[in-house]
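Naming: A, B, ... by sequence-line order, numbering from 1 per chain.
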Amino acid sequence: MPELPEVETVRQGLAPFLVGSRIVRVELRRKDLRFPFPEHFAGRLEGRRIVALNRRAKYLLAMLDDDQVLIAHLGMSGSFRMEAGAIGAFKFPRDKNPAHDHVVISLETGCLTYNDPRRFGFMTLAATDTLAEHPFFVGLGVEPLSNDFSGQTLARLFAGKTTSLKAALLDQRNVAGLGNIYVCEALHRAGLSPLRAAGGLTGAASEILARTVRAVLREAIEAGGSSLRDHRQADGALGYFQHNFRVYDREGQACANPDCRGTIIRRAQNGRSTFYCPNCQG
DNA sequence: CTCGTCCCCTGGGAGC
DNA sequence: TGCTCCCAGGGGACGA
């Protein structure tokens with residue numbers, strides 16, 4: 001699911017409701033998601049005020065007023081939904097208990113529900129000042145929308161690597177936040193074959209690739225992300241970047257590049273589907 | 001290092 | 001309708 005643009009869309013949608021709001025009650029409807037919830041999870045959240053809502057790679061980070069961070073990862077199918085309402089006025093999802101609503105967080109500003117059919121997502125708590133050393137974050141690569149990301153960065157990261165461009169971009173230790181969709185889309189826009197060795201990139205190609213990665217992420221965020229099955233914006237609205245896919249899930253269709261008469265193909269790389277145009281991606 | 005494979009889990013779609 | 005099989009925005013463990 002959720003790659004960087006979807007997580008960022010969720011962050012932007014939730015921030016107006018969460019930042020400055022106090023957590024009133026936390027209801028856990030099971031003892032675990034991908035991992036067990038930490039000890040006293042609900043109790044450690046209740047009464048806390050959220051002072052900022054940040055994102056690192058595909059992680060959402062709710063900074064709390066006691067210098068703890070609520071870390072949330074959406075896995076493949078996780079989503080948050082915010083139902084705004086004054087305190088006392090919002091309703092805990094009462095009668096209906098939708099099968100995959102696993103966490104319900106009541107705030108002064110409304111009700112935040114975490115839904116995750118496949119339960120590959122998770123939530124945990126960490127101390128703010130140790131976040132950089134936390135196992136989830138210590139090995140994470142560069143943020144592709146930060147000033148640290150450039151063609152030079154890519155060239156340095158990929159130098160000497162024999163692995164494919166596809167695998168190198170998907171590896172969160174290099175660039176953090178890209179997933180299968182946006183790697184495929186960026187490589188197509190850059191005119192680069194996903195099969196090429198990452199270490200063989202020229203300086204010019206690195207620049208183009210860095211630019212297209214940023215462009216495709218920015219456009220996707222602008223579009224509210226890509227809604228395939230599970231992704232929703234925080235208010236429940238669908239993202240619409242999936243209509244702008246040029247290769248992802250377009251096997252057998254004509255290449256979207258107007259100068260190209262190729263046909264999109266799908267092939268497995270590192271156990272995941274890669275979509276690309278063998279004609280214009282060299 | 002890099003690869004393939006299997007795993008976590010549920011659901012949707014294709015094909016029979 | 002129903003069954004089986006394959007596939008899915010992620011990530012990690014393990015062995016070759």
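- Asp171(A) has its CG atom 10 Å from the P atom of dG12(C), to the nearest Å.
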Quick one: do Asp230(A) and Ser79(A) satisfy side chain to side chain donor-acceptor pair (under 3.5 Å)? Show the steps, please.
-> CA-CA 7 Å; Asp230(A) 304 293; Ser79(A) 62; over 6 Å; no
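- Side-chain atoms of Ser193(A) never come within 3.5 Å of backbone atoms of Gly282(A) as a donor-acceptor pair (strictly under, hydrogens ignored).
- Distance Asp230(A) CG to dC7(C) P: 19 Å, rounded to the nearest Å.
- For the P atoms, the distance from dG2(C) to dC9(B) is 27 Å, rounded to whole Å.
- First and last contacting nucleotides of DNA chain B toward chain A (any atom under 4.0 angstrom from a heavy atom, 5' to 3' order): dT2(B) to dG11(B).
- Rounded to a whole angstrom, the distance from the C1' atom of dC3(C) to that of dC8(B) is 25 Å.
- Between Phe17(A) and Phe80(A), the distance separating the two ring centers is not shorter than 6.0 angstrom.
- Summary of the strand contacts: Gly160(A) and Phe120(A) both lie near DNA chain B, and taking for each the nucleotide with the nearest heavy atom, the more 5' one is attributed to Gly160(A).
- Rounded to an integer number of Å, the gap from OH of Tyr248(A) to C1' of dA8(C) is 6 Å.
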Convert the base pairs of DNA chain C into dot-bracket notation, remembering that pairs crossing earlier ones are written with [ ] and that bases paired across to another strand are shown as |; include only Watson-Crick or G-U pairs under 3.5 Å.
-> .|||||||.|||||||
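- Mapping Arg118(A) and Thr163(A) onto DNA chain B by nearest heavy atom places Thr163(A) at the nucleotide closer to the 5' end.
- Within the nucleic acid shown, Arg119(A) comes within 4.0 Å of sugar-phosphate atoms alone, with no base atom in reach, counting heavy atoms only.
- Counting to the nearest Å, the P atom of dC6(C) and the CD atom of Glu251(A) are 16 Å from each other.
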Test salt bridge (charged side-chain N to carboxylate O under 4.0 Å, His left out) on Arg44(A) and Glu39(A) and set out the steps.
-> CA-CA 9 Å; Arg44(A) 289 162 71 186; Glu39(A) 290 285 300; over 6 Å; no
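- Applying the side-chain contact (heavy atoms from CB on, under 4.5 Å) rule to Pro16(A) yields no partners; only residues at least two apart in sequence or on another chain are considered.
- Separating the CZ atom of Phe137(A) from the C1' atom of dG12(C) is a distance of 16 Å, rounded to the nearest angstrom.
- Checking side-chain atoms of Thr9(A) against main-chain N and O of Gln233(A) turns up no donor-acceptor pair under 3.5 Å.
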Take Glu46(A) and Arg25(A) through the test salt bridge (charged side-chain N to carboxylate O under 4.0 Å, His left out) and record every step on the way to the result.
-> CA-CA 5 Å; Glu46(A) 287 169 358; Arg25(A) 184 180 154 194; 5.4 Å; no
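- Backbone-only contact: Arg266(A) has heavy atoms under 4.0 Å from sugar-phosphate atoms and none from a base.
- Checked for salt-bridge contact, Asp32(A) and Arg30(A) meet the test: a charged N lies under 4.0 Å from a carboxylate O.
- In this structure, CZ of Arg229(A) is placed 7 Å from C1' of dC7(C), rounded to the nearest angstrom.
- Taking a 6.0 Å sphere around CD of Gln253(A), one finds it holds more than 12 heavy atoms contributed by other residues, nucleotides or ligands.
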